[in-house]
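These notes concern the structure reproduced below.
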Amino acid sequence: MINWTPPQGTKITYPSKSLHDRTFNYQRGSDVQALWREHGWTPPSENMQPPPPEKVIELPVKRMR
């Protein structure tokens with residue numbers, strides 16, 4: 001296993017419910033982000049600026065004779 005350390009000022013939060021917990025109810029296609037938001041998690045990208053639009057590069061047209 002790789003010894004990975006999160007960036008300074010961040011933390012790792014793991015779910016505390018075990019698969020063997022009787023109250024665990026697996027639902028196919030569940031919205032994991034919505035579930036974690038209920039417990040105060042926000043995605044890191046939420047406060048980021050959107051990326052700039054892509055540049056359109058027009059290539060010269062080669063005409064065949």
Side-chain angles (χ1 to χ4, degrees):
M1 181 163 194
I2 298 172
N3 186 11
W4 181 81
T5 306
Q8 186 67 28
T10 61
K11 66 177 186 173
I12 298 175
T13 306
Y14 295 104
S16 59
K17 194 164 275 215
S18 169
L19 294 175
H20 303 294
D21 189 342
R22 291 180 186 259
T23 61
F24 177 75
N25 182 19
Y26 174 77
Q27 295 177 355
R28 186 174 178 180
S30 62
D31 188 353
V32 176
Q33 284 196 8
L35 178 66
W36 280 70
R37 283 177 190 269
E38 291 176 12
H39 300 282
W41 177 82
T42 55
S45 60
E46 191 169 90
N47 297 326
M48 294 173 62
Q49 293 290 328
E54 291 186 29
K55 294 180 181 178
V56 177
I57 300 173
E58 292 187 26
L59 299 173
V61 179
K62 265 189 165 176
R63 298 185 186 220
M64 306 225 8
R65 292 185 190 202

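No hydrogens, no waters, no symmetry mates; every other heavy atom, side chains included, goes into these values. No experiment lies behind these values; they were computed from the predicted model shown.
The side chain to side chain donor-acceptor pair (under 3.5 Å) contacts involving residues 50-60 comprise nothing, where partners must be two or more places apart or lie in separate chains.
Applying the salt bridge (charged side-chain N to carboxylate O under 4.0 Å, His left out) criterion to E38, with sequence neighbours excluded, gives no partner residue. With sequence neighbours excluded, the residues that form a side chain to side chain donor-acceptor pair (under 3.5 Å) with E46 are R37.
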